[in-house]
A.B. asks: 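To start, I am sharing the structure in question, which I have written as C-alpha cells.
Residue numbers start from 1 in every chain, and the chains themselves are labelled A, B, ... in the order their sequence lines are given, proteins ahead of strands.
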2 protein chains.
Amino acid sequence: MAATPLFRRIDVAPAYQKVADAIEREIINGRIKPGEPIGTEQQLVEQFGVNRSTVREGIRVLEEGGLIRRDSSRRLQACLPRYNKLATRLSRALILHEVTFRELFEASMTLEVASVEGAVERATDENIRELADNLARSAEVVGNPAVLAELDAEFHVLMAKASQNRVLQLAREPAAQLFFPTTEMIVGGVPEGGARLVEAHRHLLEAIKRRDKAAGVLWTRRHLQDWRRGFEKIASLDRSVEHTYMEHAYAARQ
Amino acid sequence: MAATPLFRRIDVAPAYQKVADAIEREIINGRIKPGEPIGTEQQLVEQFGVNRSTVREGIRVLEEGGLIRRDSSRRLQACLPRYNKLATRLSRALILHEVTFRELFEASMTLEVASVEGAVERATDENIRELADNLARSAEVVGNPAVLAELDAEFHVLMAKASQNRVLQLAREPAAQLFFPTTEMIVGGVPEGGARLVEAHRHLLEAIKRRDKAAGVLWTRRHLQDWRRGFEKIASLDRSVEHTYMEHAYAARQ
DNA sequence: CTTATGAGTTTGTCCGACAAAGCTAGATTT
DNA sequence: AAATCTAGCTTTGTCGGACAAACTCATAAG
C-alpha cells in the first residue's frame, strides 16, 4: 500500500490544540490534580511561547470538556468533569441521531434494573434516607405532574447513586435525561398516573430496605412498563426523539 | 428565603459563550442540519457584531462539543456528534473519578448482556457478516495478544451495533474503552487465553445466527468471567483505573 | 481537454490596547 | 490596635488590525 516510510508524519495540529493537549495530558496523568491552579493566561503564554489569543482558544476547548474551570475569581484550575454536564452533551448527541423512544425505553430498562440491583445490594443508610426523603416529598405532590416528574428523575438518580457504581451512574444518565422529561406529560395525561408512580417508588424503597432484589427488579419493570403504556397513549414508541422536545432537556441545563 | 424578585436575573454570560449558545441552539432544534455550512468566521463576526477573536473562542467550544467541524477546506459546518469522541471524554472522566475495575466489570456485564440480547433479536445479515469477518481475522492472530485485543474490542462494538439500539451503543462505549485495553495484558498473560476468547466469540456469533438468546447471554457471561479471572491474576478488581493506564486509551484517540 | 497560473478568501497566529472586576497592601479612621 | 477605605496592580474579556500559509476558483496557456 504505502511506500517505505522515510520520514515520520509531521505534526500539523494547530497551536491552540497543542496547548489544550499539553494541559489535558498533565491533568489526565495526575501531575495536576483537581482543584490545583493552572496558572494565569499570561503565564501560559510565557510557558508555551504562543500568543494569548491562542492560549485562550486552547482554554475554551478544555473548559468545554469539563477538565478545567474558573474559580470564584475566574482563575483557572483543574477540576473533576461533572457527569451531569457530560451527560447533557450525550443527550444532545442522541437527539441529533434521532434515536427512537423504543431504543430509549429498552436501554433504560436495562440500566435501571442494573441500577436497582446494585442499590439493593449496596445502598447505605444515607442512600436510603435520601430516597425516603424524596418519596415523602413526592407523596405530597401527587397531583402536580411537573414537580412530581422532577422528583421522579431525582429518585432514579438517587437509586443509581445507591448502587455505588459510578460507571453505571454515568451510563444511565444520558438516556434518563431524555427519558424522564416525558414523565410529566404521561403523569399528567393518565388518571391515577401520579399515584401509581409514587406507589412504585414506595415498593422500590421497601425492596432496597429489605435487600429484596427480586422485588426491586419486579417493581422497576412495572414502573417502566407503566411509563411505556402511558407513552403509547400519546405517541408512538418508534417516533424519534424530536428536536423541539429538546427545549425541555435544554432548559434544565441552566 | 429570597425577597420578592423585582427584576429578572441579568444575563452576564461572556460573549463567546453566547455565540456558542446561539449557534448550538440553531443546530439542536434542527434549523441548521448536519452537513450544512455555518458560514465563515467573517460572516459570523458581522452577524453577531463581535470581534473575530470572540467568535473563534465560541467556535472552539462547539468544535470540542462535536457539534461543528471543519470540512476538508476548513470551512465550518454542523455535524452529527460522533459517539466515539464523546465516549473518549467520558472515559477520561471515569479515570479522573478513579472508578474501580469492579465497577467497570459490573457495568460492562450488564451492558454487554443487553447488547447481545439485542443482537440476537435484531442482527441483520450485514451485521452477521461483519461479525463473521471479525471472527475469521481473530482466528488468524490467536497468538498475537495486541492485535487480538483490538479485534476483541471491535467484535463487541459490532455486537452493540447489531443490537440496533444506539442508546445502548453509546452507553456501553465509555466503559468498553477502559475495559478492553486490559484485554491485551490478560490474553498475553494467560495460557490458552487467546483460544478461549476466540472460542467465546464463535459461540456468540452462533447464538446470534440461531437467534438463541440464552446461549448468547451464557457465552457473554463466560466471556466476561474469563476476563475477570484473568484480571484477578494480575491485579485487584478494587484497584482504581490508573492514571498511567490512560496512556493506552489515549493513544487510541488519534 | 488538461494543466498552470494568479488573484482573492479564509484560517491560524500574532501584536497591542483598554475597560471591568478582583486582589493586595498601604493609608485612614475609630 | 482593629477595622475600614482607598488606590494601585493583576487578570480576564473584548476589540482592532495585521500577516503568512493554505485553499478556492476562474482564467490563461499548452
Side-chain angles (χ1 to χ4, degrees), chain A residues 7-27 32 34-79 85 254, chain B residues 7-27 32 34-79 85 254:
Chain A
F7 295 108
R8 188 164 306 176
R9 185 180 201 88
I10 297 177
D11 183 8
V12 291
Y16 69 84
Q17 190 65 56
K18 288 191 189 171
V19 167
D21 287 347
I23 299 176
E24 174 175 352
R25 208 180 317 276
E26 294 303 291
I27 296 176
I32 300 177
E36 286 181 4
I38 308 292
T40 67
E41 294 180 2
Q42 187 54 39
Q43 287 171 327
L44 295 175
V45 164
E46 285 157 17
Q47 289 175 47
F48 290 115
V50 298
N51 190 270
R52 190 157 78 99
S53 305
T54 307
V55 166
R56 281 176 65 84
E57 287 190 38
I59 287 173
R60 291 297 156 251
V61 171
L62 296 174
E63 217 170 29
E64 168 66 9
L67 270 172
I68 68 179
R69 65 191 203 89
R70 315 198 88 112
D71 64 13
S72 61
S73 70
R74 296 197 198 158
R75 260 191 260 284
L76 293 169
Q77 64 176 213
C79 69
K85 180 177 180 186
Q254 297 291 0
Chain B
F7 294 110
R8 188 162 306 176
R9 184 181 202 86
I10 297 177
D11 182 11
V12 291
Y16 69 85
Q17 190 65 54
K18 288 191 188 169
V19 167
D21 287 348
I23 299 175
E24 174 175 350
R25 208 177 312 277
E26 293 304 290
I27 296 176
I32 300 177
E36 286 181 5
I38 307 293
T40 67
E41 293 180 3
Q42 187 54 39
Q43 286 171 326
L44 295 175
V45 164
E46 285 156 17
Q47 290 176 47
F48 290 114
V50 298
N51 191 270
R52 192 158 77 98
S53 305
T54 307
V55 166
R56 282 175 65 81
E57 287 189 38
I59 287 174
R60 292 295 158 253
V61 171
L62 296 175
E63 217 170 30
E64 169 66 9
L67 270 173
I68 69 178
R69 64 189 204 91
R70 314 197 91 110
D71 65 11
S72 60
S73 70
R74 295 196 196 159
R75 259 189 262 281
L76 292 169
Q77 62 177 215
C79 69
K85 182 176 179 185
Q254 297 291 357

A.B. asks: Taking only the side-chain heavy atoms of A:P14 (C-beta and beyond), determine which of C:dT13, D:dG13, C:dT11 contains the nearest atom.
C.D. replies: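 So the nucleotide nearest the side chain must be C:dT13.
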A.B. asks: B:Q42 has an atom CD; how far is it from atom C1' of C:dG12, in whole Å?
C.D. replies: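 After rounding, the gap between these two atoms is 15 Å.
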A.B. asks: May I ask you to evaluate whether B:N51 reaches the phosphate of D:dT14, defined as a side-chain N or O under 4.0 Å from OP1 or OP2?
C.D. replies: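 No, because none of the side-chain N or O atoms of B:N51 sits under 4.0 Å from OP1 or OP2 of D:dT14.
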A.B. asks: Hey, which of these two, B:L76 or A:R75, hits DNA chain C nearer its 5' end, going by closest nucleotide?
C.D. replies: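 First, find each residue's nearest nucleotide; the 5'-ward one identifies B:L76.
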A.B. asks: Whole Å only: how far is the CD atom of A:E46 from the C1' atom of D:dT11?
C.D. replies: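 Result: 13 Å.
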A.B. asks: Would you kindly give the OH-to-P distance between A:Y16 and C:dT13, to the nearest whole Å?
C.D. replies: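 From A:Y16 OH to C:dT13 P: 7 Å.
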A.B. asks: Grab the NZ-P distance between A:K18 and C:dT13 for me, whole Å please.
C.D. replies: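 The answer, rounded to whole Å, is 9 Å.
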A.B. asks: Does B:R70 make a side-chain N or O approach to OP1 or OP2 of C:dG12 shorter than 4.0 Å?
C.D. replies: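 True: B:R70 side-chain N/O within range (under 4.0 Å) of C:dG12 OP1/OP2.
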A.B. asks: Indicate the atoms forming the closest heavy-atom contact of B:G66 with B:C79, along with that distance.
C.D. replies: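 Minimum heavy-atom separation between B:G66 and B:C79: O-SG, 3.4 Å.
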A.B. asks: D:dT11, D:dG13, C:dC14: which one has an atom nearest the side-chain heavy atoms of A:E41?
C.D. replies: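 Of D:dT11, D:dG13, C:dC14, D:dG13 is nearest to the side chain of A:E41.
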A.B. asks: Would you indicate what A:R56 reaches in the nucleic acid, counting non-hydrogen atoms under 4.0 angstrom: base, sugar-phosphate, or nothing?
C.D. replies: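 Answer is base: heavy atoms of A:R56 come under 4.0 Å of a base.
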A.B. asks: Rounded to whole angstrom units, what separation is found between the CZ atom of A:R52 and the C1' atom of C:dA17?
C.D. replies: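 A:R52 atom CZ is separated from C:dA17 atom C1' by 10 Å.
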A.B. asks: Determine whether a donor-acceptor pair (N or O, by modelled atom type, separation under 3.5 Å) exists between the side chain of A:E46 and the backbone of A:Q43.
C.D. replies: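 Looks like no, no N/O pair under 3.5 Å.
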A.B. asks: Are A:E63 and A:R60 within salt-bridge range, i.e. N to O under 4.0 Å?
C.D. replies: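 Here A:E63 pairs with A:R60 in a salt bridge, since their nearest N and O are under 4.0 Å apart.
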A.B. asks: Starting at atom CG of B:L44, determine the distance to atom P of D:dC15, rounded to an integer number of angstrom.
C.D. replies: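 For the pair B:L44 CG and D:dC15 P, the rounded distance is 14 Å.
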A.B. asks: Applying side-chain contact (heavy atoms from CB on, under 4.5 Å), run through A:Q47 and A:I23 and close with a yes or a no.
C.D. replies: CA-CA 11 Å; A:Q47 289 175 47; A:I23 299 176; over 6 Å; no
A.B. asks: For residues B:N51 and B:V45, report the shortest heavy-atom separation together with the two atoms involved.
C.D. replies: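 Answer, listing the atom of B:N51 first, then B:V45: C-CG2, 4.1 Å.
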A.B. asks: Grab the CD-C1' distance between A:Q77 and D:dT12 for me, whole Å please.
C.D. replies: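 Answer to the nearest Å: 16 Å.
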A.B. asks: Between C:dG22 atom C1' and A:D71 atom CG, what is the distance in whole Å?
C.D. replies: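 Those two atoms, CG and C1', are 11 Å apart.
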A.B. asks: For A:R74 and A:T54, take the nucleotide of DNA chain C holding the closest heavy atom to each; which residue's nucleotide lies nearer the 5' end?
C.D. replies: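 Counting from the 5' end, the first nearest nucleotide belongs to A:T54.
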